[in-house]
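One structure is given here, and the rest of the page talks about it.
Remember, it's 1-based here, ligands and their atoms both numbered in the order they're listed. For the numbers below, each heavy atom of this structure counts, side chains included, while hydrogens, waters and symmetry mates do not.
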Amino acid sequence: MKFFVDTAVIDDIRELNDYGLLDGVTTNPSLIAKSGRDFKEVIAEICKLVDGPVSAEVAAMNFDGMVAEGEYLAKIADNVVIKLPLTLEGLKACRHFTGKGIKTNVTLCFSANQALLAAKAGATYISPFIGRLDDLSIDGMELIHEIREIYDNYGFGTNILAASIRSANHVKEAALAGADVATIPPGVIKGLANHVLTEKGLDQFAKDWAATGQSIL
Ligand code: G3P
């Protein structure tokens with residue numbers, strides 16, 4: 001499963017990229033607002049930093065507006081992916097960009113039927129939101145299982161990008177469900193490395209090593 005980081009904070013992206021843990025980046029209008037940065041500038045900066053796909057979301061609600069904005073954003077860098085809402089207008093725009101060889105990420109997906117439509121529109125990525133379904137006491141991960149089954153039934157090439165990931169358990173469950181990608185907040189990605197027994201074992205090794213009085217170099 002590929003790891004995208006779900007943030008517009010450059011320092012976090014740089015840190016994870018330096019660890020070699022990043023396959024791409026996703027942003028959305030809320031993350032841009034939180035970063036306090038200029039949208040187009042920050043997308044250009046991220047695209048220089050990361051080789052993989054970088055999702056930049058349109059703000060328009062209608063087809064013409066989405067096409068105009070998406071075409072502008074696609075010119076920022078070769079690795080820009082145009083993020084479009086899962087509406088009929090967004091799906092039409094998705095078909096338009098797919099026809100032009102521009103990659104798309106159809107976002108705000110909350111049902112298997114919506115994911116089926118996105119695949120039929122030729123989306124590169126579909127973003128089902130796990131955490132926001134869990135917030136409503138609906139099993140978000142079940143949606144990933146359903147989409148995986150439907151896409152496999154028909155050989156759709158659209159990548160399942162598990163979004164609205166809130167915890168390490170979400171990451172594990174998305175991987176078990178066969179998501180192609182998970183987009184994850186920076187803190188959750190770093191937290192995946194933690195285990196109390198790793199820390200305990202390392203403490204013991206450090207003490208025992210010191211007792212040998214040896215040095216490797
Ligand atoms: O980028 C979309 C998604 O990951 C947002 O997550 O936590 O705001 O539901 P969240």
Side-chain angles (χ1 to χ4, degrees), residues 1-10 12-13 16-17 21-37 39-40 42-43 45-47 49-50 52-61 66 69-70 73 79-87 90-91 93-94 103-112 114-115 117-118 123-145 147-148 158-175 177-192:
M1 185 170 71
K2 290 191 172 167
F3 275 16
F4 291 178
V5 66
D6 201 23
T7 186
V9 176
I10 295 288
D12 288 339
I13 295 169
L16 288 162
N17 204 34
L21 290 174
L22 269 201
D23 299 301
V25 179
T26 54
T27 63
N28 63 37
S30 306
L31 293 170
I32 295 294
K34 205 169 150 194
S35 76
R37 296 280 314 271
F39 177 39
K40 291 170 273 181
V42 85
I43 292 294
E45 221 173 296
I46 297 169
C47 287
L49 206 58
V50 176
V54 176
S55 289
E57 188 159 343
V58 297
M61 300 286 172
M66 288 182 202
E69 290 178 359
L73 294 170
N79 51 338
V80 167
V81 172
I82 305 305
K83 204 170 177 190
L84 301 156
L86 211 156
T87 58
L91 292 169
C94 176
K103 291 193 170 124
T104 53
N105 174 358
V106 176
T107 189
L108 290 166
C109 170
F110 295 95
S111 80
Q114 288 182 317
L117 290 179
T124 315
Y125 300 98
I126 180 67
S127 290
F129 278 32
I130 295 166
R132 292 192 196 185
L133 283 169
D134 286 355
D135 290 345
L136 300 178
S137 302
I138 298 168
D139 183 0
M141 208 53 70
E142 179 56 25
L143 177 58
I144 305 293
H145 284 281
I147 300 171
R148 181 74 282 155
T158 298
N159 292 282
I160 302 173
L161 198 175
S164 189
I165 294 254
R166 308 269 177 78
S167 65
N169 204 43
H170 273 159
V171 177
K172 181 185 82 174
E173 292 296 328
D180 299 289
V181 190
T183 189
I184 315 167
V188 175
I189 296 184
K190 286 195 275 176
L192 297 177

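- Proximity to Ala163 (heavy-atom distance under 4.0 Å) selects the following atoms of ligand 1: 4 (O).
- Every N/O-N/O distance between Thr27 and ligand 1 stays at or above 3.5 Å.
- In this structure, Glu45 contributes its side chain and Ile10 its backbone to no donor-acceptor pair below 3.5 Å.
- When only non-hydrogen protein atoms are considered, atom 6 (O) of ligand 1 lies nearest to Ser164 CA, 3.3 Å.
- For the pair Ser164 (side chain) and Gly131 (backbone), a donor-acceptor distance under 3.5 Å is present.
- Electrostatic pairing of Arg148 and Asp180 counts as a salt bridge here, judged by a charged N lying under 4.0 Å from a carboxylate O.
- What sits closest to atom 4 (O) of ligand 1 on the protein, heavy atoms only, is Asp6 OD2, 2.5 Å.
- Looking only at heavy atoms of the protein, atom 8 (O) of ligand 1 is closest to Arg132 NH2, 2.8 Å.
- Shown in contact with Lys83 at under 4.0 Å from a heavy atom are these atoms of ligand 1, numbered in order with element: 1 (O).
- Smallest separation of non-hydrogen atoms from Ile82 and Gly70: CD1-O, 3.3 Å.
- Of the protein's heavy atoms, Arg166 NE, 2.9 Å lies nearest to atom 7 (O) of ligand 1.
- In terms of polar-atom proximity, defined here as any N/O pair under 3.5 Å, Thr183 makes no such contact with ligand 1.
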Would you sort out whether Arg166 and Asp135 count as a salt bridge (Lys or Arg N to Asp or Glu O under 4.0 Å), showing the intermediate values?
CA-CA 11 Å; Arg166 308 269 177 78; Asp135 290 345; 3.1 Å; yes
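- A donor-acceptor distance shorter than 3.5 angstrom exists from the side chain of Thr27 to the backbone of Ser55, with no hydrogens or angles considered.
- For the ligand labelled ligand 1, residue Thr26 lies outside the 4.0 Å heavy-atom shell.
- Between the side chain of Asp6 and the backbone N or O of Thr183 there is no donor-acceptor pair closer than 3.5 Å.
- The proximity of Glu57 to ligand 1, defined as any non-hydrogen pair under 4.0 Å, does not occur for either the backbone or the side chain.
- Judged purely by atom type and a 3.5 angstrom limit, Asn105 has no side-chain atom pairing as donor or acceptor with the backbone of Thr124.
- In terms of protein heavy-atom proximity, atom 2 (C) of ligand 1 is nearest to Phe129 CZ, 3.3 Å.
- For the ligand labelled ligand 1, residue Lys34 lies outside the 4.0 Å heavy-atom shell.
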